[in-house]
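We number each residue from 1, following the sequence as shown. Just follow the structure's listing: the first ligand is 1, and inside any ligand the first atom is 1.
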Amino acid sequence: MERLSGIGVSPGVVVGRAVILTQRTEVMRFPIPPDRVERETQALQRARDESRQQLQDIRARLAQGRGNELAALFDAQILMLDDPMLVGRADEIIRTERVNAAWAVHRAYEEVYQLFAAMEDPYLRERENDVADVAGRLRMNLRHGARGPRELLSQIDGPSILIADELTASVAAQLDWSRVQAFATDAGSRTYHTAILARSLKVPAIVGLHDASLRIAAGTPVVLDGTTGELVVAPTAEMIDAAHRRATRPRRRGVPAADAMPVSTTDGLRVRLEANVELLEDLEYLNEHGAEGVGLYRSEFMLSGRPLESVTEDEQYALYRSLIERVAPRPVTIRTFDLDERQVGLNVTRPERRRTRPGLRGLRLGLANPDLLRTQLRALVRASEHGPLRVMFPFVTAVEEVRQARGLLAEAVSEFSRIDPGQLKVGVMIEVPAAALVADLLAPEVDFFTIGTNDLIQYCLAVDRTDDRVSDLYEPLHPAVLRLIRLVRRAAARHHIPVSLCGEMASDPALVGLLVGLGLTEFSMTPAAIPIVRQVILELSATEARRLAGHVLRLPTAAEIEQYLFDALAASAFQRSPLS
Ligand code: PEP
Ligand code: MG
């Protein structure tokens, strides 16, 4: 038995088993019952087979286009898949420690990493990057087999308590809070954000536990007291009994069924919730979670490891058509490829890697390679015959770019006489501060705006999220970010075009009330986040939210804004009290 002490930020006592989430590695660690061991090891073998196939495909394509020397780099990775120290060791970890496959791969990778780090030979030390890539690929393929934390957690018996190094809103929004009954985090910074989150979700929580996520083994029973801030690890039977007697949980409404759409605030403001989609497989979750359409299809994901030039118009058409038909009569927003130049002609297994580089990216890249953009636009125009389609251009910075892009689109439309140009809506992502600042000039050029806060925040604040030294400065509640959002919302309103928000902010239960207060009524997010955001909206008063936003916009710092939101929630000024 061990007592850990942190800061209680959301009241209630809960008894459950620990599930560990380490954001640093984006891997969740949880115990599996004995009868799931075989399934987990089989999933690992399947992920290995898929990874091998992908690597062989990449190797073959590179050998064709760029010669054997570059292709040979992938031989090392293919060999690593058969190295007993990686997959073999992960298999052993699953069996002996009874943990999930993704965590076992991560553990095996860390062991290999230690060995490489100790090596003198610079060539061998460099191979460490290859091991990281192979382990990352295995985990990616394991993820494709099991859909995100919500589904993973559904396989755990009984109530669980999440112990995380840090709980980001995007993960929080995807968890199944009927299974995760409380959470505790190591991080003490960002206290307010996490606290606001806990109160919005109405779950007991402790923050500031320093290294609990490293010290507690997955599956260990724990007692969490969100009022005193105490976490008891491996409590005695008497302590568990006593905790059960004290156990209180804020009363939460069940997550409303998907057919509860359309959703409105308590005072009748209609809010539209759509889904961000990367893979066609994600579409099955659309109905389950009650999305009203696809607000963002990130088309670059269709490339999954293939050079851009190799994807034909017909192939794109077939995919877009299938997407549109499966979602119809609800609308689909397809964003043209958001890639940067390093990814053209190279593999794009991880489009997220490019996120921080400005330069030749998104629409700029398309306009610099008009043949590639034309091919995509032709495929989109053809597909628009099959249902409501909105075409969206990413990384727009100026009116000229939009005019050029629309010119190319008009050319494509004129090639297909059957297409009614009026049924194809054209919009832009507002994700670079320049676009937000000229939103009033862009609005007359397009049919809709979509605010991409992921990029907007980092370019507005000049923060590279992947750089540890400044990533803490990435702050959605910075007054500059909120002002940009207000500016875009106002420009859209003045020109009578719809505006939605599709960055991670949209799925942050702690922020969505403020966004409604800023006048936004359309959001697009990862499908799994829709139920919890719907619940927050159903309990929200738009009038109070507007009042709150009005005050927030006058505050000078993000910290004061967070404090104000926290106090407002605690006083249930704009949302029902967690204990009501
Ligand atoms: C964004 O920038 O907020 C966005 C949704 O686009 P992506 O995350 O694909 O860059
Ligand atoms: Mg973006």
*Asks:* Could you label the plane-to-plane angle of the H551 and Y564 rings as parallel, tilted or perpendicular, counting under 30° as parallel and over 60° as perpendicular?
*Replies:*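 Parallel.
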*Asks:* When you look for heavy atoms under 4.0 Å from ligand 1, do you find them on the side chain of E504, its backbone, both, or neither?
*Replies:*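 Neither part.
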*Asks:* Quick test of your reading of the structure: of N454, V432, T450, I430, whose heavy atom lies closest to atom 1 (C) of ligand 1?
*Replies:*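 Answer by nearest heavy atom: N454.
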*Asks:* Nearest heavy atom to atom 4 (C) of ligand 1: which of Q458, E300, M429 does it belong to?
*Replies:*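 Looking at heavy atoms only, the winner is M429.
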*Asks:* Can you label the angle between the Y285 ring and the H289 ring as parallel, tilted or perpendicular, going by 30° and 60°?
*Replies:*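 Geometry flag for H289 against Y285: parallel rings.
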*Asks:* Without hydrogens or angle criteria, can the side chains of Y320 and Q316 be said to hold a donor-acceptor pair below 3.5 Å?
*Replies:*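 Yes, Q316 and Y320 have a side-chain donor paired with an acceptor closer than 3.5 Å.
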*Asks:* Do S213 and D165 pair up side chain to side chain, a donor and an acceptor below 3.5 Å, judged on atom types alone?
*Replies:*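 No, no side-chain donor-acceptor pair sits under 3.5 Å.
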*Asks:* Relative to ligand 1, is R361 under 4.0 angstrom through side chain, backbone, both or neither, heavy atoms considered?
*Replies:*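 Looking at R361 and ligand 1, just side chain atoms fall under 4.0 Å.
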*Asks:* For R382, is there an ion pair with D314 - N to carboxylate O distance below 4.0 angstrom?
*Replies:*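 The answer is yes: the pair qualifies as a salt bridge.
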*Asks:* What are the atoms of ligand 1, with element, lying closer than 4.0 Å to any heavy atom of R335?
*Replies:*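 Ligand 1 atoms under the 4.0 Å threshold to R335: 6 (O), 7 (P), 9 (O).
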*Asks:* Below 4.0 angstrom from a heavy atom of G503, which ligand 1 atoms are there? Numbered from 1 as shown, please.
*Replies:*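 Those qualifying, in numeric order: 3 (O).
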*Asks:* Rounded to the nearest 10°, what angle sits at the Mg ion (ligand 2) between OE1 of E431 and OD2 of D455?
*Replies:*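 With the Mg ion (ligand 2) as the vertex, OE1 (E431) and OD2 (D455) sit 90° apart.
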*Asks:* I'd like to know if the side chain of Q376 pairs up with that of S299 as donor and acceptor (distance under 3.5 Å, no hydrogens or angles considered).
*Replies:*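 The answer is yes; a qualifying pair exists.
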*Asks:* Looking only at non-hydrogen atoms, which of C502, P394, G362 approaches atom 5 (C) of ligand 1 most closely?
*Replies:*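 It is C502 whose heavy atom sits nearest to atom 5 (C) of ligand 1.
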*Asks:* Counting heavy atoms only, which of E278, E431, R298 is nearest atom 9 (O) of ligand 1?
*Replies:*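 Of the listed residues, R298 has the closest heavy atom.
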*Asks:* Considering non-hydrogen atoms only, spot the tightest contact between T265 and A542 and give its length.
*Replies:*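 For T265 and A542, the tightest heavy-atom pair comes out as OG1-CB, 3.8 Å.
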*Asks:* Do you see a donor-acceptor pair shorter than 3.5 Å between the side chains of N276 and R335?
*Replies:*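 Side chains of N276 and R335: no pair found under 3.5 Å.
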*Asks:* Would you kindly specify which portion of M505 sits under 4.0 Å from ligand 1, judged on non-hydrogen atoms: side chain, backbone, both or neither?
*Replies:*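 Contact part for M505 vs ligand 1: neither.
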*Asks:* Please list, in number order, the atoms of ligand 1 under 4.0 Å from a heavy atom of G452.
*Replies:*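 Answer, ordered by atom number: 1 (C), 2 (O), 3 (O).
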